[in-house]
Amino acid sequence: DFNKMPASVQKYRDQLENRCLLVKNLKVFPVEAIVRGYITGSAWLEYKKKRSVCDILLPDGLLESQSFEKPLYTPSTKAEIGSHDENIHPDKVVEIVGEKIAHDIAETSVKLYSKASKYAHDKGIIIADTKFEFGADSDGNLFLVDEVLTPDSSRFWLSSNYKVGEKQDSLDKQYLRNYLLSIEFDKKTSIQLPENIVQKVSERYVEIYKLLTGCDPSFI
């Protein structure tokens, strides 16, 4: 609503209306709220070693890419640039942000994932997992921040190709991860990605956009 803009901005309405955003200054919590509906990726690696995910003990006999009975909240720290995020037990979030905020983040994240999963399922897409980030304003109100449900923050599988007990072909950044693993990338040096890898990642992002929105991304 452009009428909510500061007076110093409103005088430029003819130039800025429908071309700008009114934003809030928030304190972002150093936690990535990861919700998993299926066991894959780092969760599968931990499960094979310890029968747990984020130190949450799970039943015996789970298979790779198998769905959980209900979405699993498995947070991680949000590391500074140059450092790596660390998977943590949900109880650790209480130590970082306090009991109420930790509870609200966990509850909201699972609700968001559940709603998004149903929407995607109706489009033939499985959201295996995703991550959310949250912040608070000066009054302590919780806000969802950063990107939401994108191929950079989520793992998308085609329902038609889904098979329990094996790795799934993903329409997200996993393709790039797989390439970097294949060349034993050390996660420290800067590299130039081959053009064909860039193109294939882009094609996957465009495909998932079309499937989820029903729109053709003509802006690309």
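These values consider heavy atoms only, across backbone and side chains, with no hydrogens, waters or symmetry-generated copies.
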_Using side chain to side chain contact (heavy atoms under 4.5 Å, CB included), reason through I105 and L142 one step at a time and then give a plain yes or no._
CA-CA 8 Å; I105 286 176; L142 193 70; 4.2 Å; yes
*Chi angles and distances behind the side chain to side chain contact (heavy atoms under 4.5 Å, CB included) call for D55, K50*: CA-CA 8 Å; D55 292 328; K50 301 165 43 179; 2.8 Å; yes
*Could you walk me through whether V93 and Y73 pass side chain to side chain contact (heavy atoms under 4.5 Å, CB included), step by step?*
CA-CA 11 Å; V93 180; Y73 172 62; 4.0 Å; yes
*asked:* Does N161 form a side chain to side chain contact (heavy atoms under 4.5 Å, CB included) with Q168? I'd like the steps, not just the answer.
replied: CA-CA 8 Å; N161 293 343; Q168 312 299 311; 5.7 Å; no
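When hydrophobic clusters are built by joining Ile, Leu, Val, Met, Phe, Trp and Tyr residues whose side-chain heavy atoms come closer than 4.5 Å, directly or via intermediates, V53 is not grouped with V35. Residue I39 is not grouped with residue L63 when hydrophobic side chains (ILVMFWY) are merged at heavy-atom distances under 4.5 angstrom, including chains of intermediate members. Clustering ILVMFWY residues whenever any of their side-chain heavy atoms sit less than 4.5 angstrom apart, transitively, puts V148 in the very cluster that holds F29. The hydrophobic cluster containing V94 does not contain I101, counting ILVMFWY residues as joined when their side-chain heavy atoms lie under 4.5 angstrom apart, directly or transitively. Residues V206 and F156 fall into different hydrophobic clusters, defined by Ile, Leu, Val, Met, Phe, Trp and Tyr side chains chained together at heavy-atom separations under 4.5 Å.
Looking at D172 and R204, no side-chain N of the basic residue comes within less than 4.0 Å of a carboxylate O on the acidic one, giving no salt bridge. Taking the charged nitrogens against the carboxylate oxygens, D152 and K173 have no contact shorter than 4.0 Å, which rules out a salt bridge.
Within a 6.0 Å sphere centred on CG of N25, other residues, nucleotides and ligands contribute 12 heavy atoms or fewer. Atom NE2 of H89 has more than 12 heavy atoms from other residues, nucleotides or ligands within 6.0 Å.
Side chains of Y175 and I197 form a contact here, defined as non-hydrogen atoms less than 4.5 Å apart. In this structure, the side chains of L149 and L212 stay at 4.5 Å or more apart for every pair of heavy atoms. A heavy-atom distance below 4.5 Å is not found between the side chains of L112 and T130. When side chains are defined from C-beta on, Y205 does not count as touching S202, because their heavy atoms never get closer than 4.5 Å.
In this model, a donor atom of one side chain and an acceptor atom of the other lie less than 3.5 Å apart for S52 and E46.
E166 places no side-chain N or O within donor-acceptor distance of the main-chain N or O of E64, the cut-off being under 3.5 Å.
The aromatic rings of Y38 and Y162 stand perpendicular to each other, their planes meeting at an angle above 60°, with 30° marking the opposite boundary.
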